[in-house]
Each structure stands twice: as structure tokens, then as C-alpha cells.
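The structure under discussion appears below in the form of C-alpha cells.
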Amino acid sequence: MSVLKPLLVLTACMSNPRIDDLSSAQRAKAASIQVHADNPYPQARVLQTVTGLSCNRNANQRQDVSRDEALEGIKIKATMIGADAVVNNICQKNSDTDWTNNCWASVKCIGDAVKL
């Protein structure tokens, strides 16, 4: 006899880390970390890819997503893993629904966090 179990579907949504989780030193580092579209540090070691998101999850509100908010997410994530900078950064604005992140409008930035 087969027993059917209910299927649980989780909708993942990406968000930026909370600044409450940062120490004073990490907040200072995040505020000063440099984000570059190119790679001025070719000898730097890539720690990992980091992403940042500005997302409007309410279709009935003004779509006030920003590149700056997405870049702040990148800086915070890079700081949390001990990076000194972010290189090869690019951002993309999605003016349509982003089902992956549960956003009606979004700006997503992605780059490589590096240790100098």
C-alpha cells in the first residue's frame, strides 16, 4: 500500500543580509569596500561570487528598486566572507516579474568578492 505524502513547495526569495548581524568593524569595512565593473586586481584571490538585490515584493506600490540598494547587498556579503573588494560587477534591472526572487520589479547585482 502506498501512502501519498503532501508535497511542500518552498518559494525562495533572495534578500540582502541584515546589517544588524555585522560587528562595528564589519560595518566600517562594508561602508568602505570598493566595487569595480572591471578587475583592477588581477593577482587577487577570488573568494566567491556575491549577489545583491533590490526588490519590490508588492505589486500595488511604486516600483522603487535601486542599483545602490543592490550594491549595498554585495558590499555586506563581501564583508561577511572577509573580502577586500568586489570585481567584475554587473547589475541588471528587471522591470517585469522576477518569480525566482518573488519580486514585481528588481535590480540584481553580481560580482566576484576578492582578497587582495
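Keep in mind that this is a model prediction, so the values were computed, not measured.
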Check your understanding: Side chains of Asp84 and Lys29: closer than 4.5 Å at any heavy-atom pair?
Key -> yes
Review point. Does any non-hydrogen side-chain atom of Asn89 lie less than 4.5 Å from one of Ile110?
Key: no
Point to revise | Sub-4.5 Å side-chain heavy-atom contact between Val86 and Lys75 | key: no
Practice item. State, to 0.1 Å, how close Ile33 and Ala83 come at their nearest heavy-atom pair, and which atoms those are. Key: CD1-O, 3.8 Å
Review point. Is the backbone of Thr51 close enough, under 3.5 Å, to the side chain of Lys77 for a donor and an acceptor to pair up by distance?
Key: yes
Exercise for review: For Ser54 and Ser66, work out which heavy atoms get closest and say how close.
Suggested key: OG-N, 2.8 Å
Practice item. Return the minimal non-hydrogen interatomic distance between Cys109 and Ile74, and the atom names on each side. Key: CB-CD1, 3.4 Å
Check your understanding: Got a donor-acceptor contact below 3.5 angstrom from the Arg27 side chain to the Leu22 backbone?
Key -> yes
Practice item. Taking the side chain as every heavy atom from C-beta outward, state whether Ile81 and Val50 have any pair of such atoms under 4.5 Å apart. Key: yes
Check your understanding: How long is the span from the NZ atom in Lys93 to the OG atom in Ser106, to the nearest 0.5 Å?
Key -> 9.5 Å
Practice item. Kindly check if the number of other-residue, nucleotide or ligand heavy atoms within 6.0 Å of CD1 (Ile90) is above 12? Key: no
**Study point:** Nearest-0.5 Å distance that lies between atom CZ in Arg45 and atom NZ in Lys115
**Key:** 7.5 Å
Practice item. May I ask you to check whether over 12 heavy atoms, not counting those of Ile19, lie within 6.0 Å of atom CD1? Key: no
Point to revise | Nearest non-hydrogen partners of Met80 and Gln26, listed with the distance | key: CA-NE2, 4.2 Å
Point to revise | Nearest heavy atoms of Val65 and Ala105, plus distance in Å | key: CG1-O, 3.3 Å
Exercise for review: Provide the closest heavy-atom pair for Val87 versus Pro40 in the form atom of the first, atom of the second, distance.
Suggested key: CG1-CD, 4.1 Å
Check your understanding: Quick one: do Leu47 and Leu116 end up in the same hydrophobic cluster if we chain Ile, Leu, Val, Met, Phe, Trp and Tyr together by side-chain heavy atoms under 4.5 Å apart?
Key -> no
Point to revise | Side chains of Val107 and Leu53 in contact at under 4.5 Å (non-hydrogen atoms) | key: no
Exercise for review: Verify, without hydrogens or angle tests, whether Glu72 (side chain) and Glu69 (backbone) share a donor-acceptor contact under 3.5 angstrom.
Suggested key: no
